[in-house]
Amino acid sequence: MDILAVACALVATALYCNTLQAGFVYDDRRAILTNPDLLSSTPWYRLLENDFWGTPLKDSGSHGSYRPLCVATFRLNHLLGNLDPWGYHLVNVVLHAACTILVVRVARKVLPGRNNLGHAITGFLFAVHPIHSEAVAGIVGRADLLACFLTLTAFLAYSTYCDQSRSPFLLLLALISSTLATLAKETGISSLALCLLWELCRGEPNRKVNCGWWTRGRSLGILSGTLALLVVGRLRIAGSRPEFASADNPTARHPSRLTRGLTFLYLPAASARMLLCPSTLSFDWSMDAVPRITSLLDSRNLESACLYTALAGAAFWVAKGLRRGVKESGSTSSIQVQIYQRNVPTRCPVCSGRRTGSCHTDGCRAANNNNNGPIGDCHCVKRAMNVSCGTYGFSNSNVSNQKRIAATSFAISLGFLVLPFLPASNLFFYVGFVIAERILYLPSVGACLIVGAAISATYKIARKHGSRTRGRAVLLATATLIGLMSAKTLLRNTDWFDEESLYKSALNINPPKAYGNLGSVLSAQGRVAEAEEAFTQALRYRPNMADVHYNLGILQQDRKNYEEAILSYQRAIHFRPSLAQAYVNLGAALLSVGRDTEAAAVLRAGASLDGSGLKDKRTHEAARVQALLQLGALYADKGRLQRALSAYREALHALPDHYPPQGVYNLLGETLSRLQQYAEAERWFQASLASQPDHVPAHITYGKLLARNSSRILEAERWFLRARRLAPDDPSVHHHYGIFLTSQGRLAEAAEEQLRAAELSRSDYELSVAAASALRQADRRDEAETWYKHAANLRPHEARSHTNLGAILHLNGKYKQAAAAYREALRLQPGDATTITNLHKLAALLA
């Protein structure tokens, strides 16, 4: 067992245990909560046809991200634990621990010699690095975790394949792992490039393996062919490149080539800075969170120049080391013997002549017992193995070998850093983001390898040329670095615990996006004033955010500030004309202020929108149906039943597969019933109940239809009773059942049902009036008076409230109070015939 790897994995697990209690945040909602591919009703093969968010890849609005393996793991989570986030987070933490173990194994393979300190530093850095919080704490980051795990598996399998017997099984394992990594996330395709890099740089380090150029060429051909197949297959699956909103990657649509070039050259430098110093992190870097570079005089260009200079210098050094190793690898052992004899130092450079007893401390021993061997002071025990002494001048062959190993190590580390990052760099093609922290999960392996090797080399130099104190100082600084990173990771994990914390953590980095999302969270929590302030702040930074205008409109509409809501919806539509849900809500707000003609036009416009090219086409299609249903309801309320029926039929024709059809069926049946087309209406009610047997509105409307036929009264009542069993706390169920009972002359039962409905919804004026009327008809006048008073309190400025109250007071013999109620009704509605008649009756009675 690799104790170091297990220790690093335990540290990684401990750091992320606090994320197990986190919920679904940010992109998790769309990838999990609203993703149809997670449902058991969706066939498994759909995962191969849809993108990461459940949208068909052929759809013009598809995101283009093809990750069926990751979605399959989400579906398994859903199958085992439904929508409990604990299980989803647990899988992420386990994957991170597994990746940490493989990183230590890769470090043992890549870093030269028995560099245990370098291996440990690499493993612990990877375990605690704060840049990983988004990938591990955010459930959507599982795609990056899976891609990293499978990439490391492929690399280890192929490197073992090269080092040992060229076993076909190991090659097959590497190819399968690479393919699965690509199916987990697009960056997984870099696994084959890393295998190619290993083959080209390392070759055959073990001389016992008899492998010629033909065998190596065949391996290179298999890797290259598989890589080409994966690239072509991925391009064919994705189809045309998806279109991204300008807010996601504003630089991509900037008209200046200079600005685009300088900014995109800077972004890798910004990512490298986050890997080296992850002090500033954010859930989102869109909307100019990274300001564009518009001039050559911008100081950030120095960061870009430093990065590319360093990469170029590293590549040159690696190429030089590998080339020298190839040229000098043909040296024979006889030549080495001559070198040993002619390049004997006066003192052993390994141990500087220091001895302990009869042996030197660093692996050299005295020749015989009198220290007068054939080549001077001492022999090096390791000389026979062609290793470390060559570095100090005993063998030019060993010098070249060590340089080749060091160059290979650095080349592979750079490969892990650079190759997985290239698809997301915006340097070759534009992607839908500027910077994404979870994209850096796999490249961080290379960064950890380089830092681990650098610190290990510094420690050795400090011990060799300095003292133990300097070596301890290096170790102390390294431990402090790991401790600080661990603390930062724990702190960052708390940001990912819930959406409010996450969005607040980015207020200084991406204010418009953070404030806009925070406003939605606060609004859902009922913190209306704070939500309104957050939306206002977001619009101060970026006035053209359609989503924020839309959400602010919902907030105002809920507060019954209809005019302000109308303005917000209109602004949302102005900035994004394709936002169908804004049309639906604008139509509802216009109806609330009596602007029915405008409402009808807006709803018709929303229903006619084209959804091509939209990211979330499911929501758009649902909004179009809602617009048509609301339009039909508007016509039905106006008594224009044929137009209402036409709108409902249009909604039925536009009904997408994911939209529940029972509501549309029920509205069709209800409208046909009002048109006295009872046979066809009954068919639609039955279709609604067949689609969803527990659909309560269909029970009510079907019961009302059957009640029209005196021979089917008992059947009608059974449907009302079923509805009451399904929804015992639904006031509308008791209300409609009470109306049915009243029509049958069962006044006492009707009064009980209407009373129950009013008690369940005491703020509903119409239910209060219905309860009072039913109680009056059942001769329960005192209770009726109580509910008429309650209705008058709900709407004190409505004349009908006072007329009804005056009537019950009149019946109960409270004449003076009745007269006052009648007079108040006439003040609110002068000339009302019913009120005047009742007042005259009262006056006659008093006379």
Scan side-chain atoms only and decide if [X] and [Y] contain a donor-acceptor pair under the 3.5 Å cut-off.
X	Y	answer
N517	Y26	no
S191	S178	yes
S282	N510	no
T489	H129	no
R108	H119	yes

With a 4.5 Å cut-off on side-chain heavy atoms, are [Y] and [X] touching?
X	Y	result
F149	S177	no
Y459	R470	no
K185	L146	no
F155	F416	yes
V418	P443	no
I121	T478	yes
W198	K109	yes

Checklist outcome for this item: Taking every heavy atom of A137 against every heavy atom of T19, the minimum-distance pair comes out as CB-CG2, 3.8 Å

Checklist entry - What residues, two or more places apart in sequence or in another chain, satisfy salt bridge (Lys or Arg N to Asp or Glu O under 4.0 Å) together with R472? => result none

State plainly whether the residues [X] and [Y] are in salt-bridge range, i.e. N to O under 4.0 Å.
X	Y	value
R67	E186	yes
R492	D495	yes
D547	K513	no

Checklist entry - Does T408 reach the main-chain N or O of R404 with its side chain, forming a donor-acceptor pair under 3.5 Å? => result yes

Checklist entry - Who passes side-chain hydrogen bond (donor to acceptor under 3.5 Å, both in side chains) against Y441, sequence neighbours left out? => result H96

Next on the checklist: Taking the ring of F283 and the ring of Y503, is the distance between their centroids below 6.0 Å?
Outcome noted: yes

